[in-house]
Amino acid sequence: MLWIMRFSGFFSAAMLMVILSPSLQSFPPAEAIRSSHLDFHLRQSVPLSLSDSHTRFLFRRSPSYRNAEQCSSSDSKFSGRFGVCDPSLVHVAITLDVEYLRGSVAAVNSILQHSLCPESVFFHFLVSETNLEAVVRSAFPQLKFKVYYFNPAIVQNLISTSVRQALEQPLNYARNYLAELLESCVRRVIYLDSDLVVVDDISKLWRTNLGSRTIGAPEYCHANFSKYFTSRFWLDKRFSGTFLGRKPCYFNTGVMVIDLVKWRRASYTKRIERWMEIQKNDRIYELGSLPPFLLVFAGDVAPIEHRWNQHGLGGDNVKGSCRNLHAGPVSLLHWSGSGKPWMRLDSKNPCPLDSLWTPYDLYGHSH
């Protein structure tokens, strides 16, 4: 059981330690798979060679984590006839891009370190660039993963301007297309942002009971939900009427458990795209990829404990601000907002809680 020691004052917070039970030591993930989805796009471009990639992205090799002897049989199971369709796998989807690659690598490292059976975790990496697979393979030589090319043109004409340019990047919208990108045999997936670390066994999150719902996420019903949409939205019943009969609450789309079977059956991708089309013409929100998810799912989300998304550690878009942990236990630390821990650490101006991200950072030869 994970717990984090109480701390007081700015400087003592910087020394905060994550304490884990003896059962959460480590156990190695298995052999990687190359994605056929990416082959065509690799042939159409000239990716960086492995040596060029290493010149730009210097990541140390992750340790081989091995946590429980009862997990060791899954390596041979994976190499058999099941592959990605192995029903015992835990599926995790994360985007990879140049700007956030350091965060994605740290997120993967944290998941492997704290998973009771890391070899049972299968990673689905969504990319719009074709030169990152070799970097991941070098850092995690035994990782089970597959790379999926997300064509930016799919959403280029649907994206409207946002309060932050970073929120306008097409890859932010790749989560909307997981049901189409991933194999049909993948029935459930955990979607995670690149600016977080997991400090608990991710299989606990995987076992979330969604009931009749399509997605699960920590909800924050005390938040001012109205601020996520413009006054035009609330004044026009054609738009605001979508919430009739629902009690909408804010949830952060950086941590979601998704039932892909229900998603495909209800064509939720098309529903999200429809709201993005409306936004282009009527300007009903100011943020990026979050509001369409709220419009489709808010009020119909399977609640997950808040411990699985201690978000806002990036300062909630306030440059230079630092946040403390919310009260209660912690299983996942999320630097949502404009301040990313690797950027603040490199600038020699970190926030106290950035020290909790550092142990999972594989960038460079040493810290």
Side-chain angles (χ1 to χ4, degrees), residues 37 84-96 104 107-108 111 115 120-127 144-148 150 154-155 171-196 198 200-220 246 248-276 288-309 311 331-332 334 336:
H37 289 77
V84 69
C85 296
D86 184 342
S88 70
L89 293 173
V90 172
H91 295 277
V92 177
I94 300 178
T95 59
L96 293 180
S104 298
V108 171
I111 292 168
S115 292
S120 70
V121 183
F122 192 100
F123 290 90
H124 303 264
F125 293 121
L126 313 176
V127 305
K144 294 176 181 174
F145 74 92
K146 199 165 185 177
V147 176
Y148 303 78
F150 177 70
I154 294 174
V155 293
L171 200 58
N172 288 341
Y173 296 84
R175 74 192 84 183
N176 303 356
Y177 297 88
L178 285 169
E180 288 80 16
L181 290 169
L182 273 54
E183 289 78 359
S184 59
C185 65
V186 180
R187 302 174 60 86
R188 170 182 285 219
V189 68
I190 298 171
Y191 175 80
L192 298 177
D193 273 350
S194 299
D195 52 358
L196 54 77
V198 177
D200 201 345
D201 184 359
I202 200 166
S203 67
K204 298 176 184 177
L205 181 59
W206 175 256
R207 292 193 295 267
T208 297
N209 181 6
L210 299 181
S212 62
R213 272 64 180 273
T214 301
I215 70 170
E219 290 185 296
Y220 302 88
R246 296 154 62 184
C249 294
Y250 164 77
F251 64 94
N252 181 283
T253 53
V255 179
M256 295 185 292
V257 180
I258 305 173
D259 186 321
L260 295 175
V261 176
K262 292 190 181 78
W263 184 293
R264 293 169 181 133
R265 187 182 300 140
S267 300
Y268 280 117
T269 298
K270 294 296 183 184
R271 299 189 192 187
I272 290 174
E273 286 180 336
R274 177 57 185 147
W275 280 113
M276 292 174 69
S289 59
L290 168 64
F293 259 89
L294 296 179
L295 286 162
V296 173
F297 292 109
D300 194 24
V301 174
I304 293 175
E305 287 183 89
H306 289 176
R307 66 188 301 154
W308 286 104
N309 196 352
H311 69 288
S331 292
L332 185 150
H334 188 184
S336 57

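Owing to the predicted nature of the structure, the values given are computational and were not obtained by experimental measurement.
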key: Nearest heavy atoms of His334 and Gly254, plus distance in Å   = CE1-CA, 4.0 Å
ask   = Of the non-hydrogen atoms in Leu181 and Ala174, which two are nearest, and what is the gap between them?
value = CD1-O, 4.3 Å
message = Just to verify, which of Met256, Glu219, Arg213 counts as forming a side chain to side chain contact (heavy atoms under 4.5 Å, CB included) with Val301?
response = Glu219
inquiry  = For Asn172, is there any backbone N or O sitting under 3.5 Å from a side-chain donor or acceptor partner on Thr95?
reply    = no
request  = Show your reasoning for whether side chain to side chain donor-acceptor pair (under 3.5 Å) applies to Arg207 and Ser203.
outcome  = CA-CA 6 Å; Arg207 292 193 295 267; Ser203 67; 3.3 Å; yes
ask   = What do you reckon, are the aromatic ring centroids of Phe297 and Tyr268 less than 6.0 Å apart?
value = yes
ask   = Checking Thr269 side chain against Asn176 main chain: does a donor-acceptor pair fall under 3.5 Å?
value = yes
key: Check: Ile202 and Leu192 side chains under 4.5 Å, non-hydrogen atoms   = yes
ask   = With Thr208, which of Asp259, Ile215, Val257, Ile190 fulfils side chain to side chain contact (heavy atoms under 4.5 Å, CB included)?
value = Val257
inquiry  = Using a 6.0 Å cut-off, check whether atom CZ of Arg188 has over 12 heavy atoms from anything other than its own residue.
reply    = yes
inquiry  = If you compare all heavy atoms of Ala179 against all heavy atoms of Trp263, which two are closest, and at what distance to 0.1 Å?
reply    = CB-CD1, 3.4 Å
task = I would like to know whether His124 and Val186 meet side-chain contact (heavy atoms from CB on, under 4.5 Å); could you show each step before the answer?
result = CA-CA 11 Å; His124 303 264; Val186 180; 4.2 Å; yes
For Ala298 against Arg246, the heavy-atom pair lying closest together = O-NH2, 2.7 Å
remark   = Tightest non-hydrogen contact, residues Asn209 and Ala302, listed as O-CB, 4.1 Å
request  = Return yes if a side-chain donor-acceptor contact under 3.5 Å exists between Tyr177 and Glu273, otherwise no.
outcome  = yes
request  = Mark yes or no for whether Arg175, through its side chain, and Ala93, through its backbone, hold a donor-acceptor pair below 3.5 Å.
outcome  = no
